[in-house]
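Scroll down for the structure; my scribbles are underneath it.
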Amino acid sequence: MTTSLLLFLFFLPLVKPDSDPVQDFCVPDTGSSPVELTKLSSYPCKNPTNVTAGDFVFSGILSPGNFSAETGFAGISVNPVQFPGLNTLGMSFARADFQPGGVNPPHYHPRATETALVLSGKVYSGFVDSTGRVHARVIEKGEVMVFPKGMVHFQLNVGKSMATIYGSFNSQNPGLIRIPVTVFGSGIRDAVLEKAFGLTEEELEKLKKRFEPKDLVVDD
């Protein structure tokens with residue numbers, strides 16, 4: 001067996017999606033404390049005899065979230081923090097609403113593939129693959145688009161009325177990396193961004209002011 005094959009077999013378990021559950025379900029028992037995503041593995045499961053149907057029902061996406069004045073977009077993400085019944089099931093979901101012209105800016109999920117179902121409206125949706133090719137089209141009510149794991153994707157309401165999308169993920173913690181905020185709001189040194197994007201100092205400063213958090217701690 002070659003060295004490269006041995007290395008492949010060694011690292012293969014490290015790139016698997018969420019582990020399969022070893023029991024029917026595990027609603028975390030946190031007492032009176034709220035669920036913390038980073039501590040999920042440390043919580044005991046509720047005794048199954050104390051679990052009810054209510055533990056597996058979530059009503060938090062009946063209405064849109066808060067719309068951004070800049071993007072016209074409102075998103076509600078649901079993972080085991082908001083809906084503890086999802087714990088260990090390897091999935092999560094989200095509701096996305098768009099005002100006319102509203103946009104969900106380019107972003108990606110490092111740990112999950114997403115399927116996006118249009119509940120209403122007309123949404124220009126797409127992703128960019130690793131060769132730089134964009135795969136995009138307008139999808140309408142009842143249509144579903146898939147965004148492969150780790151691919152940068154986006155959505156834009158091209159209709160004249162509100163649009164709503166339901167997204168589902170094959171991870172209980174898919175992660176969310178927003179491209180504009182990550183690039184211009186994370187404290188990357190100015191010299192890197194100026195040379196990488198061909199920006200002047202004035203242009204870069206304008207972008208940083210738009211995306212940089214007020215409480216940002218910059219690594220120098």
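- If you take CD1 on Ile179 and NE2 on His107, they are separated by 9.0 Å, rounding to the nearest 0.5 Å.
- The aromatic rings of Phe83 and Phe93 sit perpendicular, their planes meeting at an angle over 60°, well past the 30° parallel limit.
- A donor-acceptor contact closer than 3.5 angstrom links the side chains of Asp97 and Thr164.
- Between Glu143 and Lys122 no salt bridge is recorded (no basic side-chain N to carboxylate O distance below 4.0 Å).
- Between Phe147 and His153, the gap from one ring centroid to the other is short of 6.0 Å.
- Minimum heavy-atom separation, Asp29 to Cys45: CB-C, 4.1 Å.
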Next on the checklist: Working note: Tyr108 + Leu176, criterion side-chain contact (heavy atoms from CB on, under 4.5 Å); need CA distance, chi angles, decisive distance, verdict.
Outcome noted: CA-CA 6 Å; Tyr108 69 94; Leu176 173 61; over 6 Å; no
Next on the checklist: Assess the residue pair Phe25 and Val51 against the criterion (side-chain contact (heavy atoms from CB on, under 4.5 Å)); give the C-alpha distance rounded to whole Å, side-chain angles, the decisive distance to 0.1 Å, and a yes or no.
Outcome noted: CA-CA 10 Å; Phe25 49 79; Val51 173; 4.0 Å; yes
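- Closest approach of Val81 and Glu36 over heavy atoms only: CG2-C, 4.4 Å.
- Atom CG of residue Leu204 and atom CD of residue Glu202 lie 9.5 Å apart, to the nearest 0.5 angstrom.
- Considering all non-hydrogen atoms of both residues, Ile76 and Ser63 come closest at CD1-O, 3.4 Å.
- The six-membered or imidazole ring of Tyr124 lies near that of Phe154, with a centre-to-centre distance under 6.0 Å.
- Asn170 places a side-chain N or O within 3.5 Å of a backbone atom of Thr113 that can act as its donor or acceptor partner.
- Residues Ser171 and Asn173 bring no donor and acceptor atom of their side chains to less than 3.5 Å of each other.
- For the pair Pro174 and Ser92, the tightest heavy-atom approach, listed with the atom from each and the gap, is CD-OG, 3.3 Å.
- Between Gln172 and Leu37, the shortest heavy-atom distance links the atoms O-CD1, 4.4 Å.
- Atom OG in Ser120 sits 8.0 Å away from atom CE in Met162 (nearest 0.5 Å).
- Taking every heavy atom of both residues into account, Leu40 and Pro28 meet most closely at CD2-CG, 4.4 Å.
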